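A note on names: the letters A, B, ... follow the listed sequences, proteins ahead of strands, and every chain is numbered from 1. All values below come from the heavy atoms of this structure, side chains included, with hydrogens, waters and symmetry mates left out. These numbers were taken from a predicted model, which means no experiment stands behind them.
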2 protein chains.
Amino acid sequence: MADVAAEAHVSVKTVSRVVNREPGVRRDTELRVRAVIDRIGFMRHDGARILRQGRTQTIALVVEDLANPFYSQISAAVEREARIRQYQLITASAEGSPTRERGVLESLINRRVDGLVVVPAGERPAVDPTVAASGTPIVYVDRPVRGQATDTVISDNPGGVRSAVEHLVANGHRRIALLGDDAEFWTARQRREAFVQIHDALGLPGDAKVSMGPHTVDSLTERLATWSRERSPVTAVITGNNRVTLAALHAMRRSGVEMGLVGYDDFELADLIEPAVTVVNQDPTSMGQKAALQLIARILGDESPAQTVVMPTRLIVRESGRLPASRSLRKASS
Amino acid sequence: MADVAAEAHVSVKTVSRVVNREPGVRRDTELRVRAVIDRIGFMRHDGARILRQGRTQTIALVVEDLANPFYSQISAAVEREARIRQYQLITASAEGSPTRERGVLESLINRRVDGLVVVPAGERPAVDPTVAASGTPIVYVDRPVRGQATDTVISDNPGGVRSAVEHLVANGHRRIALLGDDAEFWTARQRREAFVQIHDALGLPGDAKVSMGPHTVDSLTERLATWSRERSPVTAVITGNNRVTLAALHAMRRSGVEMGLVGYDDFELADLIEPAVTVVNQDPTSMGQKAALQLIARILGDESPAQTVVMPTRLIVRESGRLPASRSLRKASS
DNA sequence: TTGTACGCGTTATCAT
DNA sequence: ATGATAACGCGTACAA
């Protein structure tokens with residue numbers, strides 16, 4: 001900037017005015033300055049700008065696995081909302097480790113990101129004290145965190161589980177089991193509780209059958225075989241998220257067990273599997289969008305009380321929820 | 001830092017030394033400083049550090065769609081390599097628009113990112129002049145860019161197409177067609193050229209049949225119907241990437257057309273579709289990793305000539321490449 | 001309309 | 001082993 005000023009025979013302040021389109025510069029001086037800028041290829045150094053202004057126009061997203069479709073959709077949505085509002089997005093993965101997450105958050109705070117969207121790793125009992133101390137706005141997604149009230153975007157887990165169970169019951173299933181993911185995850189626990197509660201509320205026979213993860217195709221194969229061999233065999237399962245659904249589909253295919261299925265999380269090609277998989281869709285794009293908007297509102301000074309937004313889920317009915325006997329082959333029906 | 005210095009009765013420089021673990025600080029003064037740091041919750045301001053040192057410890061990744069599994073896997077790999085080496089990753093999407101890409105790159109340069117990993121959008125004839133002028137190291141992924149030699153990581157498109165065609169031919173297919181993506185994409189064009197060349201080299205009958213995108217399920221349904229109604233009907237298609245594979249699978253299912261298929265890009269559940277889909281796998285994780293490593297080497301001063309790394313593809317043989325008649329039902333064979 | 005002087009928080013240099 | 005001071009490049013406040 002000093003170089004430009006010297007070349008154009010003006011002060012740095014005038015250059016600054018031109019670069020930032022501030023008013024109060026005569027047309028011809030502006031043109032002269034612009035010409036010099038283009039000629040010597042000047043580019044403003046945002047680092048210095050940040051140091052001076054205190055805002056970085058940067059937000060960060062912390063998830064556990066960027067390659068998982070659920071998170072990559074959230075990620076795409078957050079990036080989009082950020083970009084539209086002139087924020088850049090730093091994405092970081094904690095790979096599911098609270099320890100790594102702590103380190104990641106610390107380095108993001110050091111960077112003075114203007115805000116954080118975080119899917120808290122594993123068992124996270126409270127808002128990170130480092131973040132709290134820094135005063136950086138933070139929005140949690142998918143899983144809440146205990147302690148002081150914080151903006152949170154979660155999906156309606158009880159509602160989703162309820163829609164899954166009711167759908168199966170409406171299709172004649174009575175012995176329904178839940179294949180949940182690792183109980184370390186809050187979502188997995190919440191879905192389990194909802195399942196047990198709804199199971200009992202509907203007066204389904206026996207105790208609610210639940211198997212929590214982590215699951216492998218092998219372990220699920222065995223589990224399904226066991227359930228289907230009981231004297232009152234399980235006729236349908238609900239899978240707790242896209243990971244479990246995937247493993248369960250493989251296990252079913254391998255063992256040849258035919259069971260009703262409602263999976264949590266929609267996935268591409270769910271309609272091309274035989275039978276087409278009925279799912280509870282969580283709409284991660286909307287969750288990411290909502291979180292980003294809320295975060296940016298906070299950055300811009302919104303001081304209203306912290307809110308928890310519960311996003312509705314949507315049951316996408318395909319075929320896997322029906323009793324095997326009543327499934328129509330699509331080829332026959334088309 | 002000044003606050004800490006005052007509290008600990010040392011100079012700011014000594015605090016700086018402690019914070020950065022520089023040698024030359026007596027054990028007891030270090031402890032004293034650390035105590036103050038913890039007490040008042042001091043956190044280094046990386047903005048100032050950046051301004052002083054000129055390096056941001058940040059790299060950026062520019063792709064067109066973070067939610068597409070191909071890019072999200074690249075993204076996860078780049079983030080991982082970056083994080084391990086203490087770099088933060090800014091991800092940005094150009095949404096396929098060269099104009100937006102230009103703006104995105106410019107703001108990243110203004111931020112003084114240390115390096116760029118870019119999947120160039122649409123038709124990009126040359127290295128971006130802004131980037132070139134800034135001297136920021138850049139590595140292109142998936143598609144090369146003309147002009148001065150630049151580090152590039154692409155996959156072996158001719159090899160991938162060849163393996164697909166040869167697999168189909170080995171299974172008795174003779175009338176093979178290509179469903180490519182939009183010819184605007186370099187990869188789509190290269191795969192088309194490879195397909196035509198291999199088609200002719202193998203002496204397959206007639207002219208190579210090719211249909212480039214963008215495709216919709218509707219357009220593909222019609223296209224497949226046309227091809228299957230010809231006097232020498234097409235018996236197998238190769239799809240040019242995961243988007244096209246998806247649409248083609250839906251089109252086949254809808255129209256009931258039975259054709260051999262080899263898809264570009266592996267995808268989850270490819271083995272659960274009936275018939276299981278044979279694919280050319282590109283290993284985006286390795287591509288992202290390779291690109292990140294090469295970029296960081298450049299940042300660290302590697303001055304060797306720009307190199308183009310061609311990653312091998314791998315044909316994952318399942319069932320969709322066989323002639324329909326010879327397909328075994330898995331249930332029968334297990 | 002334009003310019004001067006200072007400060008943002010850190011690190012590099014050179015002293016002590 | 002420690003400290004004083006000058007940068008880094010920009011924006012703010014105020015003056016001209």
(message) Side-chain N or O of A:Ser16 versus OP1/OP2 of D:dC10: is the shortest distance under 4.0 Å?
(response) no
(message) Once hydrogens and angles are ignored, does a donor-acceptor distance under 3.5 Å link the base of D:dG3 to the side chain of B:Arg17?
(response) yes
(message) So if I take every side-chain heavy atom of B:Arg49 and compare against C:dT11, C:dG3, D:dC10, which nucleotide ends up nearest?
(response) C:dT11
(message) Could you check whether any side-chain N or O of B:Asp151 sits under 3.5 Å from a backbone N or O of B:Val139, counting only pairs where one atom can act as donor and the other as acceptor?
(response) no
(request) Give a yes/no on whether any side-chain N or O of A:Thr14 is located under 4.0 angstrom from OP1 or OP2 of C:dT2. (result) no
(request) Could you check how far CG of B:Asn20 sits from P of D:dA1, rounded to whole Å? (result) 17 Å
(request) Kindly point out which of D:dG9, C:dT10, C:dA12 is positioned nearest to the side chain of B:Phe42? (result) C:dT10
(message) Within the 4.5 Å heavy-atom criterion, are B:Ile59 and B:Gln88 side-chain neighbours or not?
(response) no
(message) Rounding to an integer number of Å, can you tell me how far A:Arg52 CZ sits from C:dA5 P?
(response) 16 Å
(request) Check the distance between D:dA1's P and B:Leu31's CG and give it to me in whole angstrom. (result) 14 Å
(request) Could you tell me whether a side-chain N or O of B:Arg85 sits under 3.5 Å from a main-chain N or O of B:Glu81, the two making a donor and an acceptor? (result) yes
(message) How many whole angstroms separate atom CD of A:Gln57 from atom C1' of D:dC10?
(response) 16 Å
(request) Would you mind reading off the distance between B:Leu51 atom CG and C:dA12 atom C1', rounded to a whole angstrom? (result) 13 Å
(message) Between C1' on C:dT2 and CD on A:Glu30, what's the gap in Å once rounded to a whole number?
(response) 14 Å
(message) Need one value for A:Val12: base, sugar-phosphate or nothing, where a base atom within 4.0 Å counts as base even if backbone is also close, heavy atoms only.
(response) nothing
(message) Under a 3.5 Å threshold, yes or no: a donor from one side chain and an acceptor from the other, between B:Asn20 and B:Arg44?
(response) yes
(request) Could you check whether A:Val19 gets within reach of a base, just the sugar-phosphate, or nothing at all, counting any heavy atom under 4.0 Å? (result) nothing
(request) Check whether any side-chain nitrogen or oxygen of A:Thr29 sits under 4.0 Å from OP1 or OP2 of C:dT2, and answer yes or no. (result) yes
(request) Starting at atom NZ of A:Lys13, determine the distance to atom P of D:dC10, rounded to an integer number of angstrom. (result) 12 Å
(request) Using atom CD of A:Gln53 as one end and atom P of D:dA13 as the other, report the distance to the nearest whole Å. (result) 11 Å
(request) By nearest nucleotide on DNA chain D, pick out whichever of A:Ala2 and B:Val10 is the more 5' one. (result) B:Val10
(request) Show your working on salt bridge (charged side-chain N to carboxylate O under 4.0 Å, His left out) between B:Arg102 and B:Glu106 and close with a plain yes or no. (result) CA-CA 6 Å; B:Arg102 181 158 295 231; B:Glu106 187 171 325; over 6 Å; no
(message) On DNA chain D, compare the nucleotides closest to A:Met1 and B:Arg27; which residue's is nearer the 5' end?
(response) B:Arg27
